[in-house]
Amino acid sequence: MNIELQLASDISNAFQLLFGLSLEASAIQLQPTRKEFEGNLTFIVFPYVKQTHKKPEELGELIGNYLINHTSYVSKYQVIKGFLNLTLQTKSWIQIFSEGIDFKFAKRSEKVMVEYSSPNTNKPLHLGHLRNNFLGWSISQILKEVGYEVMMVNLVNDRGIHICKSMLAYQKFGNGEKPSSTLKGDHLVGKYYVMFDKWYKEQVKEIAAKHRQENPSLSEEQAEELAEKEAPAILQAQEMLRKWEEGDPEIVALWKQMNSWVYEGFEATYRKIGVHFDKIYYESDTYLLGKDLVQEGLEKGIFYRKSDGSVWVDLTAEGLDHKLLLRSDGTSVYITQDLGTADMRYQDFPMNKLIYVVGNEQEYHFKVLKLILQKLGRPYAEGLYHLSYGMVELPEGKMKSREGTVVDADDLIEEMIETARERTLALGKIEGFTEEELQKLYHVLAMGALKYYLLRVEPSKKMLFNPKESIDFQGNTGVYIQYTYAKIASILRKAKAENISLSFTELQDFSDIEPIEQQLISAIVRYKQKVEEAAQEYAPSIIANHAYETAKTYNTFYNTFSILGESHPLKKQFRVILSYYVAEVLKRSFRLLGIEMPERM
RNA sequence: GGCUUCAUAGCUCAACUGGAUAGAGCAACUGCCUUCUAAGCAGUAGGUUUCUGGUUCGAGUCCAGAUGAAGUCACCA
């Protein structure tokens, strides 16, 4: 039995015997004692002073005394104000340790689908997409780890007016340009998307000026608004979309060609960042879905039809608005296809939870989507969850693809690899590495730094990225934790050569354990609970932070005590085992974040 | 304007869900490599947790208001 549970149950008994109060053991909260006080676990007595009619200090004394006399594992207590600090018997630490290293979770019967990435095929991935991809991948690994069956899917936005914009610009200015070794397919298409925007804006400016000349009473905004609708560029793009929907062979061929370039480019980026999907959905296949759900809603009286033929749902009772589901011309809108897609997915994979990793700008949309699916009585509706994450902003504000103010994912990755290379070579610890191993190391370190940087922040929070300050390799970083791991790996190799056993059997009665070693045991034992918490909160940051704290504590230990140089054989063995499990926790944590560990660096 | 979210050291982030003297990293300054990898360790300095009230044994955390920032409120996606 877990020592905290045991203690909670004994405290509950104390209340029963001393005061005749019955308290659920589960209601008793314990917390790690703060470093500046003596003790391992703290019980706060304030909440119970009223019921027991005792002063806080007195109550702490009574319970502390009870625990000393009635349990075998509490060796000491100290009361400070309303805080009862308990010190555990040193010999129970080995027991706590050996019982706390079961890192396996029981299988769960529930299925979870995670949608993430979901790129548009008119531009390459940028830093914001990286946050999305890392989060999606990580949360999928975490949910798998705690026992769910997980299916990772991607929904590619491969159609629509924005795609036609790059197609049109390519048709006009492309001169048959093809992707090359210096220009990946997704970057090529993105180039023409930016080109369209420039072209379009010039036209708008020109037309707006003409409008103001002809009609000086127009404001600048009004003139631009008019011009935006009249510019040939946008009219031609709309025309192209119409042709695409009709299946015009020439347009469809161009669309296929350009999308295939983009997919090759995306595939290369996905490979570099180490994410993949169990299934990829394309909006060109799903954008017509959902109309039957609208019909179903009408029949059930959940939706209503206006006189112009458009279909709506009234969500005012839920504090939201009226929401359009079908245009008056019978065509669907964004949410319509999301309804249909969700239903189709349930056919593919009858999930209990459906997680959308999508930016926080779409919170309203997903609130509406969930409500509608609930109204339609879909079995998976309750489990729909929008894993909403904050934008990655630049010092100047939001990134905008059209204006080219984005941090490109491929560029950033290259920069990170280059930094990793420079730093590694500067430190000169690469004796015995093959060229291939070096390349691998640079990649592992670069991705570790980048992923940790983006994942250590709580998902819901927006974050700031300053391109002028490169991502750190020192301090609270992925590299710091990888380095800690590599140092332990080195020790373990040597320990293996010395035939030091990793078994606890010799250590049964070992109790000569330093406070910092107790802290490490606590960190190891807490790992599983942190993973559970991360799964519940959909927050990889919880695991990242715990890994950092564990590594930090280990480094203090590493610099204070000798491990392989320890003369006492049991002590030495204990420290090797301790190191082994710290490494295990770090490696498992990082695997859940999608980060690899180097055995040497 | 309505709704939602956010505001913590110069900067980037934590704070075990209401607990003790609010912690880390970066940047600055001091030390520590003939000892298991110094991408490390130890230390100094840095705070009215935006502001004003309230709730209670106790508030960065809960409530109300103010100020500031972001998002959203389309027959766009």
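Chain letters run A, B, ... following the sequence lines, proteins first and then strands; every chain starts at 1.
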Of B/rC13, B/rG19, B/rG40, the nucleotide closest to the side chain of A/Gln474 is B/rG40

Check whether any side-chain N or O of A/Thr336 sits under 3.5 Å from a backbone N or O of A/Leu325 as a donor-acceptor pair, and report yes or no. yes

Residue pair A/Asn85/A/Thr556 against RNA chain B: nearer the 5' end by closest nucleotide is A/Asn85

Take atom P in B/rA64 and the same atom in B/rC6, then report the distance between them in whole Å. 13 Å

Select base, sugar-phosphate, or nothing to describe what A/Lys81 touches, counting heavy atoms under 4.0 Å on all strands. sugar-phosphate

Look through every strand shown and name the nucleotide pairing with B/rG23 as Watson-Crick or G-U wobble, where both distances are under 3.5 Å. B/rC13

Please confirm whether the shortest side-chain N or O distance from A/Arg327 to OP1 or OP2 of B/rC76 is below 4.0 Å. yes

Where along nucleotides 29-34 of chain B does protein come under 4.0 Å, by heavy atom, of base (B) or sugar-phosphate alone (S), with - for untouched nucleotides? ------

Could you check whether A/Tyr548 and the base of B/rA24 form a stacked pair, meaning centres closer than 5.5 Å and planes differing by less than 30°? no

Under the 3.5 angstrom rule, does the side chain of A/Gln573 hit a backbone N or O of A/Ser501 as a donor-acceptor pair? yes

Is there aromatic stacking of A/Tyr558 against B/rG40, centre distance under 5.5 Å, plane angle under 30°? no

Please confirm whether any donor atom in the side chain of A/Ser490 sits under 3.5 Å from an acceptor in the base of B/rC36, or the reverse. no

Restricting to salt bridge (charged side-chain N to carboxylate O under 4.0 Å, His left out), what partner residues turn up for A/Glu396, sequence neighbours left out? none

Mind listing the residues from residues 538-546 of chain A sitting with a heavy atom below 4.0 Å of RNA chain B? Number order is fine. none

If B/rA42 has a Watson-Crick or G-U wobble mate with both distances under 3.5 Å, name it; if not, just say none. B/rU30

Taking ring-ring contact (aromatic ring centres under 6.0 Å, His included) as the definition, give me every residue that meets it alongside A/His568, ordered by chain and number, with sequence neighbours left out. none

Write down the distance separating the P atoms in B/rA70 and B/rU52, rounded off to the nearest Å. 24 Å

Figure out the CZ/C1' separation between A/Phe473 and B/rC26, and round it to whole Å. 15 Å

Nucleotide opposite B/rG1 in a Watson-Crick or G-U pair, distances under 3.5 Å: B/rC73

Between A/Glu533 and A/Leu326, whichever has its closest RNA chain B nucleotide further toward 5' is A/Glu533

Span that lies between the C1' atom of B/rG47 and that of B/rU55, in whole angstrom: 25 Å

Produce a footprint string for nucleotides 1-6 of chain B: one letter per nucleotide, 5' end first; B if the base is under 4.0 Å from any protein heavy atom, S if only the sugar-phosphate is, - if neither. ------

Among pairs that include at least one residue of residues 528-556 of chain A, which meet ring-ring contact (aromatic ring centres under 6.0 Å, His included), considering only residues two or more places apart or in two chains? A/Tyr385-A/Tyr538, A/Tyr480-A/Tyr548, A/Tyr554-A/Phe557

For A/Glu537, answer base if it contacts any base atom (sugar-phosphate contacts may also be present), sugar-phosphate if it contacts only those atoms, and nothing otherwise; contact means non-hydrogen atoms under 4.0 Å. base

When you compare B/rC33 with B/rA42, how far apart are their P atoms, in angstrom units rounded to a whole number? 16 Å

Output the single nucleotide from B/rA77, B/rG19, B/rU37 whose closest atom is nearest the side chain of A/Pro47. B/rG19

Given the 90°-from-0 boundary between syn and anti, B/rC33 should be labelled syn

B/rG65 - base-pair partner by Watson-Crick or wobble geometry, distances under 3.5 Å: B/rC51

Since syn is defined as within 90° of 0, does B/rU30 count as syn or as anti? anti

With the side chain of A/Lys552 defined as its heavy atoms from C-beta on, choose the nearest nucleotide among B/rU37, B/rA42, B/rG71. B/rA42

Taking atom P in both B/rG60 and B/rA15, what distance in whole Å separates the two? 15 Å

Got a sec: does the CD of A/Glu225 have more than 12 other heavy atoms crowding it under 6.0 Å? no

Classify the nucleic acid contact of A/Pro32 as base, sugar-phosphate or nothing, counting any heavy atom under 4.0 Å across all strands shown. base

Can you tell me how far C1' in B/rC29 sits from the matching atom in B/rG46, rounded to whole Å? 12 Å

On a whole-Å scale, what distance lies between the P atoms belonging to B/rC57 and B/rC41? 43 Å

Are B/rG19 and A/Phe46 stacked, with the base six-membered ring and the side-chain ring centres under 5.5 Å apart and planes under 30°? yes

